[in-house]
Amino acid sequence: GKTRELSYLALTHRIDPPPAEAHALDKNIGLARAVLNLPELGGSGSIVQGKKAAGRHHYAASYGLAAPSEQEQMRVDLLLQSSRIDPDRPLILVNAPAGWETKRWDEGKMAALADRLVTGYDAALIYTGTAGDAAYIDGIIARMACPAANAAGRTTLRELACLINKARLFVTTDSGPMHLAAAL
């Protein structure tokens with residue numbers, strides 16, 4: 001059959017489609033494994049199924065997501081310190097940006113949710129994103145009554161993974177960091 005956006009014109013290999021209920025991360029890794037002729041994962045082979053069975057860090061190693069280095073952990077700890085995050089309070093991360101404008105939530109609503117999370121859970125809150133998202137996030141923080149930190153552009157992808165692991169809650173749009181959190 002034909003594929004979306006005329007991609008069938010450039011495709012050279014056919015693979016069996018993944019189950020419809022498979023997580024996007026599982027689908028993409030399955031595609032990479034098929035194209036590179038890599039062996040299948042052991043175990044349940046699903047983010048969703050694995051999460052129930054193996055707990056919080058269930059698939060990070062299976063997907064090649066090595067534990068952060070000491071240096072990466074140190075940089076994240078310094079980021080938390082420089083952002084004046086109280087280590088005794090629960091950490092909440094918010095990834096408000098999204099690749100498409102239609103996937104973003106209204107700034108006022110995002111600010112109101114963040115305020116409720118900070119006050120309701122006596123939490124420290126950090127927004128994540130790329131350097132290009134900093135102004136957008138500053139706009140959200142300006143609407144907040146509670147303090148929040150803007151870490152947009154201040155982490156590598158591996159440091160973001162370390163930060164996600166330190167968080168008690170990660171509120172996110174449909175984005176790359178959402179899929180990273182699912183893998184962790």
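Model, not experiment: these values are computed from the prediction. One is the number of the first residue; the rest follow in order along the sequence.
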Legend entry - Ser175 side chain reached by Thr172 side chain, heavy atoms, under 4.5 Å: yes
Legend entry - Residue list, salt bridge (Lys or Arg N to Asp or Glu O under 4.0 Å) with Asp122, at least two apart or on another chain: Arg89
Inset, instruction - Could you state whether Met178 and Leu157 fall into the same hydrophobic cluster, counting links through intermediate Ile, Leu, Val, Met, Phe, Trp or Tyr residues with side-chain heavy atoms under 4.5 angstrom apart? - result: no
Inset, instruction - May I have the step-by-step check of side chain to side chain contact (heavy atoms under 4.5 Å, CB included) for Leu91 and Leu163, ending in yes or no? - result: CA-CA 9 Å; Leu91 177 63; Leu163 195 57; 4.2 Å; yes
Legend entry - Euclidean distance, Arg75 CZ relative to Thr156 OG1, rounded to 0.5 Å: 6.0 Å
Inset, instruction - Look up atom CG in Leu78 and atom CD in Glu159, then write down how far apart they are to the nearest 0.5 Å. - result: 10.0 Å
Inset, instruction - Identify the two heavy atoms, one from Ser82 and one from Arg154, that lie closest to each other, and give their separation to 0.1 Å. - result: OG-NH2, 2.9 Å
Inset, instruction - Ignoring hydrogens and angles, tell me if any N or O in the side chain of Asp115 forms a donor-acceptor pair with the backbone of Ala112 under 3.5 Å. - result: no
Inset, instruction - Identify the heavy atoms of Asn150 and Ala134 that sit nearest to each other, and give their distance. - result: ND2-O, 3.1 Å
Inset, instruction - Identify, with sequence neighbours excluded, every residue that meets salt bridge (Lys or Arg N to Asp or Glu O under 4.0 Å) alongside Asp138. - result: none
Inset, instruction - Compare all side-chain heavy atoms of Pro177 with those of Leu160 and state whether any distance is below 4.5 angstrom. - result: yes
Legend entry - Smallest separation among heavy atoms of Ser69 and Arg158, with atom names: N-NH2, 4.0 Å
Legend entry - Any side-chain heavy-atom pair of Cys162 and Gln73 under 4.5 Å: yes
Inset, instruction - Show which residues join Met110 in its hydrophobic cluster (side-chain heavy-atom contacts under 4.5 Å, direct or indirect), or state none. - result: Ile92, Val94, Trp105, Leu113, Leu117, Val118, Tyr121, Leu125, Tyr127, Tyr136, Ile137, Ile140, Ile141, Met144, Leu169, Val171
Inset, instruction - To the nearest 0.5 angstrom, please state how far the CG atom of Leu79 sits from the OG1 atom of Thr155. - result: 7.5 Å
Inset, instruction - Let me see the working for Thr128 and Ile164 under side chain to side chain contact (heavy atoms under 4.5 Å, CB included), right down to the final yes or no. - result: CA-CA 10 Å; Thr128 63; Ile164 290 169; over 6 Å; no
Legend entry - Lys166 and Asp77: CA distance, side-chain angles, deciding distance, side chain to side chain contact (heavy atoms under 4.5 Å, CB included) verdict: CA-CA 10 Å; Lys166 289 180 177 288; Asp77 289 340; 3.1 Å; yes
